[in-house]
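Data first, discussion second: the structure below is written as structure tokens.
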Amino acid sequence: GGVPGYLSAGDDRLASVYMKGSSAWVAHTIGVTHAGSAGGTATRDAVRWYEIGSLDATPVVLQSGTLYDGAAPGTFDARNYFNASIATSQLGRTVIGFSAAGSNEFVNAGAVDRLASDPAGTLTAPALLTSSTAAYNPAADPGSSIGRRWGSYSETVTDGCDGVTVWTLQQFANATDSYALQAAKVQGPAPPTPVSVTPATVQQGVPSMNIVVTASAGAPGQAFF
């Protein structure tokens, strides 16, 4: 967030829970080493996420992962990921929105995703949604030992109209000692390209008819909905 001082990344309580069927997608902030391990001598903040299934019976962790900066072992100057929220679409595409900041970069909003076909516990490369050029160093809260307050404004949801578009709302530093909210629409790949339809024509007045649409194989994440 700039020099001097630190931003408060909050604590490690569960910050976001998204329910889908009998599963819950959960995200929160934790402290980790450069290897992404919790505990020990943590040098940076990270986002830990989980998919928890069988909520109507005995809950079980189906998969989990950590979004963290693995650079610069031992230093406190690495990028921090915090203040996260999570959601997953009808096609199984999961998006995590977050704040990102470090000693050498200002506070930005960002997002990362994964497809249902990706290996369990993995994410794509995170992307920043803003390009802040301002430091956020307002006076610390009197008597506070956790740094300058940041957070509470983070939300990621699927679009109620189509169920596949994901929206994320994240904080970033828009001016010196000021923050704003960045709203971003995160869309997945377009559906596969249709190559033929049978029958090619439909007679007027027919009450119903089965139509077969053949499409290209498509890339990962492409599907009809």
Side-chain angles (χ1 to χ4, degrees), residues 14-29 46-56 59-68 81-100 108-131 152-172 180-198 202 208-225:
L14 300 183
S16 175
V17 179
Y18 186 85
M19 306 293 294
K20 182 174 180 291
S22 61
S23 295
W25 293 79
V26 183
H28 65 137
T29 303
V47 172
R48 175 66 60 81
W49 61 274
Y50 316 85
E51 180 189 5
I52 302 174
S54 302
L55 298 183
D56 51 356
V60 58
V61 177
L62 301 178
Q63 61 175 322
S64 63
T66 306
L67 173 63
Y68 69 98
Y81 296 100
F82 55 104
N83 197 38
S85 52
I86 189 171
T88 189
S89 74
Q90 292 181 6
L91 297 180
R93 182 168 183 251
T94 302
V95 176
I96 300 174
F98 54 81
S99 293
N108 280 294
V112 66
D113 70 346
R114 58 168 279 111
L115 301 176
S117 58
D118 290 339
T122 63
L123 297 169
T124 60
L128 297 183
L129 304 173
T130 57
S131 300
S152 300
Y153 299 104
S154 177
E155 188 65 62
T156 303
V157 297
T158 56
D159 193 298
C161 293
D162 62 23
V164 295
T165 299
V166 180
W167 294 86
T168 190
L169 184 69
Q170 305 299 327
Q171 287 180 251
F172 72 102
L181 298 178
Q182 177 70 42
K185 180 170 67 172
V186 186
Q187 289 183 302
T193 303
V195 294
S196 66
V197 178
T198 303
V202 177
S208 65
M209 177 177 292
N210 292 329
I211 298 176
V212 178
V213 179
T214 302
S216 60
Q222 287 188 301
F224 290 104
F225 56 90

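This structure is a prediction, so every number in the text was calculated from the model and none was measured.
No donor-acceptor pair under 3.5 Å is formed between the side chain of T193 and the backbone N or O of S216. Here the side chain of N108 pairs a donor or acceptor atom with the backbone of S131 at under 3.5 angstrom. In this structure a side-chain-to-backbone donor-acceptor pair under 3.5 Å is missing from D159 to V164. Using a distance-only test at 3.5 Å, with no hydrogens or angles considered, no donor-acceptor pair links the side chain of R114 to the main chain of I96.
Between the side chains of Y18 and T94, not a single donor N or O lies within less than 3.5 Å of an accepting N or O.
In terms of heavy atoms, Y153 sits closest to N83 at O-ND2, 3.4 Å. Residues A109 and F172 come closest through the heavy atom pair N-CB, 3.6 Å. Closest non-hydrogen pair, L14 versus H28, comes out as CA-CB, 3.7 Å. Minimum interatomic distance between Y50 and S64 (heavy atoms only, all atoms of both residues): CD2-CB, 3.6 Å. Nearest approach of F98 to P126, heavy atoms of both residues: CZ-CB, 3.9 Å. In this structure, S23 and L55 approach most closely via the heavy-atom pair C-CD1, 3.6 Å.
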(request) Check step by step if side-chain hydrogen bond (donor to acceptor under 3.5 Å, both in side chains) holds for Q170 and S85. (result) CA-CA 9 Å; Q170 305 299 327; S85 52; 3.2 Å; yes
(request) Output, in order, the C-alpha distance, side-chain angles, deciding distance and verdict of side chain to side chain contact (heavy atoms under 4.5 Å, CB included) for I86 and V26. (result) CA-CA 7 Å; I86 189 171; V26 183; 5.7 Å; no
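Residues T156 and S16 form no side-chain contact, since every pair of their non-hydrogen atoms from C-beta on lies 4.5 Å or further apart. Between E155 and W167, the closest side-chain pair of non-hydrogen atoms is not below 4.5 Å. With contacts defined as side-chain heavy-atom distances shorter than 4.5 Å, the pair T158/Q90 does not qualify.
Atom OG1 of residue T198 and atom CG of residue N210 lie 12.0 Å apart, to the nearest 0.5 angstrom. In this structure, OG1 in T88 is found 10.0 Å from CG in L115, a value given to the nearest 0.5 Å. Note that the OG1 atom of T130 and the CD atom of Q171 stand 11.0 Å from one another [nearest 0.5 Å]. The structure places OG1 of T168 at 11.5 Å from CG of D113, a figure rounded to the nearest 0.5 Å. Atom OG in S154 sits 9.5 Å away from atom CG in L181 (nearest 0.5 Å). Remark: S89 OG to D162 CG distance equals 9.0 Å, nearest 0.5 Å.
Using the six-membered ring where Trp is involved, W25 and W49 have ring planes that are parallel, under 30° apart on the 30 and 60° scheme.
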